[in-house]
Amino acid sequence: MQGNGSARSCTKVSGRRTVIDSHPLSGREVGQIARHRLLVRRVSTLRCSVSNWTAYSFVVSKLSTAAKRLVLGRPFRSDKLGNTLLPKRIALPVFASDAMSSVAYAPEEIFLVLSVAGISALAFTPWIGLAVCIVMAVVVASYRQNVHAYPSGGGDYEVATVNLGPTAGLTVGSALLVDYVLTVAVSISAAASNIGSAVPIVANHKVLFAVVAIVLITSVNLRGIRESGTAFAIPTYAFMVGMVLMLVWGLLRVYAFGEDLHAESAGFELKAEDSHLYGIAFAFLVARAFSSGCAALTGVEAISNGVPAFQKPKSRNAATTLLLLGSIGITLLMGIIILAQKLGIKYAMDPTEQLIGAPAGYQQKTLIAQLAETVFSGFPIGFFFITIVTALILVLAANTAFNGFPVLGSVLAQDRYLPRQLHTRGDRLAFSNGILFLSGAAIAFVVVFGAEVTKLIQLYIVGVFVSFTLSQTGMLRHWTRLLREEKDPDLRRQMFRSRIVNSVGLAMTATVLVIVLITKFAAGAWIAIVAMIAIFILMRMIRKHYDTVARELENEEWDGVLPSRTHSIVLVSKLHMPTMRALAYARASRPDTLEAITVNVDEADTRSLVREWEHSDVSVPLKVVESPYREITKPVLDYVKRVRRDSPRDVVTVFIPEYVVGHWWEQILHNQSALRLKSRLLFQPGVMVTSVPWQLHSSEKAKRETRENAPGASRRGYEPPSGR
């Protein structure tokens, strides 16, 4: 190509034919084209020199992606959400495992509380158990009304919000969030105690076991609700079968075969910590035992929150699952209490002090472990089977919370009470952010309370009975409102029956809530109440922020005035490729004024840059901004403000060259000045900030991972670059 070129001159750059101009080229333009060709050749050479490194990085990328897919599986398309819905046989272990598993520690807590008053107080265990079963039956019947009336998945939160107002709804939401966290902490801690009865090393490291168990359950749930339900179905059904076999065989041996069975603790004497409890004091103790036994009701509300996860017809399937839950829970709870009393089990708050006659170093086994050891005496396989499936169901009971908490968090986030990230589904169509948040909070409780069930149980069930009470109040108002409008006699009779059921439920749950608050407040329930209040206030603040932003964005009116001119500024530290790219991009935006500025923090470097700039063919003027105190951010801000002050109607665009790196530690070494500048310039009115990226070689790995992990990448047959 000659200096006076033809009427249409072309050059080949990176395999493309690019029209340079439609008129003869000057000698200077020909020189620029030659330098551009040289730059392209140098970049190509560099790319070839790192081809081996690129191949190595691709292998590392493949390994990390394979590890992620091993844990989570392949991502699901959004239109596959219907395939994750649950049939009743899978929904039962997913949503009911918490309520069913609570029979492993709720009877234990009744015996534990009554042990304070001595062996005579244990005579009240069947009556307390019966009272708990009556409350459970009423609550299950009440929630069957809920799932038919409000099948959208908001559960107690939606019922309270619609019928009692946002404050009541938010109270229910905060109570349930705390209760779900405690469900995980209590269930996993109880599992550690049960396994510790058979495996001493677990008893000595309960906290570590609990943390690992929570992490494993989190990983399974991140794979999606259907997969987690399938994985947990077998252990849940094994627990049901195992417990029924143990209870039936034990009761047969006692009542049908007339065997005189005694648990290992039956021969010990139970020393009362306080044997002088009479009148109000003893009634308080019985009430506290009842409130501890009501832990068996936790998890009932999870089904009303998870109705959208059921297969159609959703409401009917959810109601059937609730009925199965209640029937199984009541049967197991009463069976365990009756059999434990018949076998003479002693379960003490402080076994070293209260159990007289126990051998030195005696470790008190859990109630279920003592039952299994006695019923299956001479058949150790039965004992170990019951111990294992009980531990598994207690671990899996946390799965109820892992399905309820993320759904509730999503509903609250949709209503702008929680960050919107909680409303987003992950790769496997599960609410991944909610799952991770629940996991972190539960681990914190386990560590703080040392995975001790007796300590954690005092914080437990306050939240769930707050939600029960407000939900039943809301349902009562719901039926009353519908009865005013409905004229059909058959529908009115049906609504009237439903209102009676919810009225009884309200009376029961409100009574239990009062008992729980009175008997457990000083023992630790105040911590849960404080947590609920804190979450309530936090959610109100989040909603206030979102509302303020929405009003500001909607109510502000744009005056329609366009900027008179554009003033572009390119920040320069050195005359290198990132600077050249930033200058080229700024020039392509066709500003009215284009200039480059550099901050003089080092005299020698600045003089060298100015000389290099003058000897280059860059046509953009370079300005040097003095910085007596060797700052960069403030001088640039002052200069931009001065430009804005001189021309208020001009828009100032600041172009900042930035390195794109592939490792976190490289980010620490680069771009800190750019980050500070952007964070300050964004607050300046009339100023636009543009980052101009320059990809370093280390960024190739991150770029490939992004391309490879994109939805449909594997179907498109993505292959790594072989080097150029």
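This structure is a prediction, so every number in the text was calculated from the model and none was measured. Scope of the values below: all heavy atoms of this structure, side chains included, with no hydrogens, waters or symmetry mates.
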Side chains of residues 531-541: which donor-acceptor partners sit under 3.5 Å, not counting sequence neighbours?
none

Which residues pass the ring-ring contact (aromatic ring centres under 6.0 Å, His included) test with [X], not counting sequence neighbours?
X	value
F124	F282
F468	Y143, F465
F445	none

For this session: Grab the two heavy atoms, one from V184 and one from A442, that are nearest each other, plus how far apart they are.
Result: CG1-CB, 3.5 Å
Exercise. Looking only at heavy atoms, which two atoms of L122 and T125 are closest? And how far apart?
Worked result: O-OG1, 2.7 Å
Problem set entry | Enclosure of F449 CZ (heavy-atom neighbours >12, cutoff 6.0 Å) | yes
Quick one: list whatever passes side-chain hydrogen bond (donor to acceptor under 3.5 Å, both in side chains) with [X], sequence neighbours left out.
X	value
S189	none
T469	none
N502	Q472, W479

For this session: Using distance alone, with no hydrogens and no angle criterion, decide if T366 and S193 have a side-chain donor and acceptor under 3.5 Å apart.
Result: no
Exercise. Is a side-chain donor-acceptor pair under 3.5 Å present for N146 with S471?
Worked result: yes
Problem set entry | T161 (side chain) donor-acceptor with E158 (main chain) under 3.5 angstrom | no
Exercise. Mind checking what makes salt bridge (Lys or Arg N to Asp or Glu O under 4.0 Å) contact with E452, not counting sequence neighbours?
Worked result: K206
Seminar exercise, completed: For D490, the salt bridge (Lys or Arg N to Asp or Glu O under 4.0 Å) test, sequence neighbours excluded, returns R493
Problem set entry | Partner of I386 under side-chain contact (heavy atoms from CB on, under 4.5 Å), chosen from I368, L245, L371 | I368
Problem set entry | For P107, the option from I336, L112, L339 that meets side-chain contact (heavy atoms from CB on, under 4.5 Å) | I336
Seminar exercise, completed: Between the CZ atom in R144 and the OG1 atom in T321, the distance rounded to the nearest 0.5 Å is 10.0 Å
Problem set entry | Pairs satisfying salt bridge (charged side-chain N to carboxylate O under 4.0 Å, His left out), at least one member in residues 399-416, at least two apart | R416-D547
For this session: Would you list the pairs meeting salt bridge (charged side-chain N to carboxylate O under 4.0 Å, His left out) in which at least one residue belongs to residues 494-521, sequence neighbours left out?
Result: none
All N/O donor-acceptor pairs, side-chain side in residues 163-171, below 3.5 Å, sequence neighbours left out:
from : atom 1 : to   : atom 2 : distance (Å)
N163 : OD1    : R481 : NH1    : 2.8
N163 : ND2    : Y150 : OH     : 2.9
N163 : ND2    : V159 : O      : 2.9
N163 : ND2    : G474 : O      : 3.4
T171 : OG1    : T167 : O      : 2.8

